[in-house]
Number of protein chains: 2
Amino acid sequence: MSLKHILLGMLAEPRSGYDLKKEFDKSLRNFWHAELSQIYPQLQKLEDEGLLTSKQKISSEGPPRREYRRSAKGRRELLKWLRAGPQMGKDRMSYLAQVYFLPEFDDPEESVAFMQELRDEVAKRLATLEQIEKEWQACDPRYPDELPDDEFHAQLTLALGLKRLTATLDWCDESIARMQVRTTASKRMKRA
Amino acid sequence: MSLKHILLGMLAEPRSGYDLKKEFDKSLRNFWHAELSQIYPQLQKLEDEGLLTSKQKISSEGPPRREYRRSAKGRRELLKWLRAGPQMGKDRMSYLAQVYFLPEFDDPEESVAFMQELRDEVAKRLATLEQIEKEWQACDPRYPDELPDDEFHAQLTLALGLKRLTATLDWCDESIARMQVRTTASKRMKRA
DNA sequence: TCGACCATGTAACTAGTTACATGATTCG
DNA sequence: CGAATCATGTAACTAGTTACATGGTCGA
């Protein structure tokens, strides 16, 4: 039940469901994703459990918003989650399953084309993270190791994203090269 | 809907639900996981859709088993999935969310301890994959680039697992070092 | 006034997990 | 005879996605 704890983590300061969604898309996008239709009911549930409190705020600009903030009990629940140690689930990577079954094509060119598409997508995602890093670095001279604690930890998560995508991109390039060597090798066999 | 297509991919040869589960745990563990309680109903559904056929096999040794094999329609569905291009979902990494909220501890030692636990788990998983690679290499002189097509592609998925875990392990070590430098730096500040 | 964005939600569905139920065969 | 493994499933639950409904405010 990670969404629960992630919301508790984000709600040290009061935020609305809508704010939380934006924070997912901005700061947590690298490792978590949640829809509004999942966030709202979950907030309700957490309030029912007494892990957070809410206040309706009516402002002159914009529609009324409900602001949530975690309670002392909510913070204890968050710490309990952190103290339980790293939660490493088994990841599911559909695209690797696809790579595994690529021989079904029985066509090296189609297989290589798949890998090139994958490479492009990985490169795109890596470029996005690199852009984020570049801007952060340009805006804050404390980047990366003199940042305040919360931003330093956000930077750590960014650093892993960069490393993993870089490794994945390398792998794509190597794999394509290895596949091409096999293809030309088997062509030579046929000619002979 | 990836499980569907993964099952279709595996069922080029006839297999029982039980066999499929073992194959998940052995060959696909690096990128996919499925329980028997998910596999059996899914097989039933695919049979209803005409994507695979089944035969009850009664053998002298062991209880009766139902063997599934994909139909021509099933193979077309598999190819359709592969041709749709790489399916890269947004991964959810709970442990990175935990790293993000580590400052809640307000205790550098507890944070570092968390990272060390994470490091150990990553090292353990990496060791498992390295062991698999080592044995494979020892048993088959064709490893890795002269293997038959299906095994070559399985090796590609193993190679990505190795690269990603290696990158993650590096990141753990770097992160721990960076956290420790910050801790000693802030201790010096307090003494002054 | 129209489209973009702010803001909150519900309903129906799909996917995946955990717990349970059942029974056969094999090996020590 | 008992434990491990083979083998197939169901039921209840949790998590997440997609589609839809509603209405306010702001700027071009």
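The sequence lines fix the lettering, A, B, ..., with proteins before strands; numbering per chain opens at 1. Every heavy atom of this structure was used, including side-chain atoms; hydrogens, water molecules and symmetry mates were not.
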**Q** Would you please indicate if the ring centroids of B:Phe31 and A:Tyr100 are separated by under 6.0 Å?
**A**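 Centroid distance B:Phe31-A:Tyr100: below 6.0 Å, so yes.
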**Q** Taking the side chain as every heavy atom from C-beta outward, state whether B:Arg65 and B:Glu67 have any atom pair closer than 4.5 Å.
**A** yes
**Q** For B:Lys163 and A:Thr166, indicate whether the former's side chain and the latter's backbone hold a donor-acceptor pair under 3.5 Å.
**A** no
**Q** Between side-chain atoms of residues 108-115 of chain A and protein atoms elsewhere (two or more places apart, or another chain), which donor-acceptor pairs fall under 3.5 Å?
**A**
unit_1   : atom_1 : unit_2  : atom_2 : d
A:Glu110 : OE2    : B:Arg83 : NE     : 2.7

**Q** To the nearest Å, give me how far apart CD1 (A:Ile6) and C1' (D:dG16) are.
**A**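 Atom-to-atom, A:Ile6 to D:dG16, this comes out as 13 Å.
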**Q** With the criterion being N/O to N/O and under 3.5 Å, what pairs connect the protein with nucleotides 5-9 of chain D, and how long is each?
**A**
unit_1 : atom_1 : unit_2  : atom_2 : d
D:dC6  : OP2    : B:Tyr18 : OH     : 2.8
D:dA7  : OP1    : B:Arg65 : NH1    : 3.1
D:dA7  : OP2    : B:Arg65 : NH1    : 3.1
D:dT8  : OP1    : B:Arg66 : N      : 2.7
D:dT8  : OP1    : B:Arg66 : O      : 3.4
D:dT8  : OP2    : B:Tyr18 : N      : 3.1
D:dT8  : OP2    : B:Tyr40 : OH     : 2.7
D:dT8  : O5'    : B:Tyr40 : OH     : 3.3

**Q** Tell me every residue that passes side chain to side chain contact (heavy atoms under 4.5 Å, CB included) with A:Asp140, counting only those two or more places apart in sequence or in another chain.
**A** A:Trp136, A:Arg142, A:Leu147, A:Glu151
**Q** Measuring from the side chain of B:Leu3 (C-beta onward, heavy atoms only), which nucleotide among C:dT14, D:dT17, C:dG16 has the closest atom?
**A** C:dG16
**Q** Quick one: B:Glu35 CD to C:dT17 P, roughly how many Å, whole number?
**A**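 It works out to 6 Å between those atoms.
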**Q** Please report, rounded to the nearest Å, how far the P atom of C:dT10 is from the CD atom of A:Gln38.
**A**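 Value for this atom pair: 14 Å.
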**Q** As an exercise, state the distance from CG of B:Leu36 to NZ of B:Lys22, rounded to the nearest 0.5 Å.
**A**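 Answer rounded to 0.5 Å: 10.5 Å.
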**Q** Write down the distance between CZ (A:Phe24) and P (D:dA15), rounded to a whole number of angstrom.
**A**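 Rounding to the nearest Å, CZ of A:Phe24 and P of D:dA15 are 14 Å apart.
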**Q** Whole Å only: how far is the NE2 atom of B:His33 from the P atom of C:dT17?
**A** 6 Å
**Q** What is the distance from CD1 of A:Ile39 to C1' of C:dA7, rounded to the nearest Å?
**A**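 Those two atoms, CD1 and C1', are 12 Å apart.
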**Q** When the C1' atoms of the five terminal pairs at each end define the local axes, what inter-axis angle does the helix from C:dT1-D:dA28 to C:dG28-D:dC1 show, to 10 degrees?
**A**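 One end's axis against the other's: 20°.
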**Q** Output the rounded distance in Å from CD (A:Gln42) to C1' (D:dT17).
**A** 15 Å
**Q** Rounded to whole angstrom units, what separation is found between the NZ atom of B:Lys45 and the C1' atom of C:dG16?
**A** 13 Å
**Q** Closer than 3.5 angstrom, by distance alone: can the side chain of A:Gln98 be matched with the main-chain N or O of B:Gly85 as a donor-acceptor pair?
**A** yes
**Q** Sequence neighbours left out, what passes side-chain hydrogen bond (donor to acceptor under 3.5 Å, both in side chains) with B:Glu146? Give chain and number order.
**A**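 So B:Glu146 forms no side-chain hydrogen bond (donor to acceptor under 3.5 Å, both in side chains) with any residue.
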**Q** Does D:dG16 have OP1 or OP2 sitting under 4.0 Å from an N or O in the side chain of A:Arg92?
**A**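 For D:dG16, neither OP1 nor OP2 has a side-chain N or O of A:Arg92 closer than 4.0 Å.
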**Q** With sequence neighbours excluded, give me every ring-ring contact (aromatic ring centres under 6.0 Å, His included) pair touching residues 64-87 of chain B.
**A**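 Qualifying pairs: B:His5-B:Trp81.
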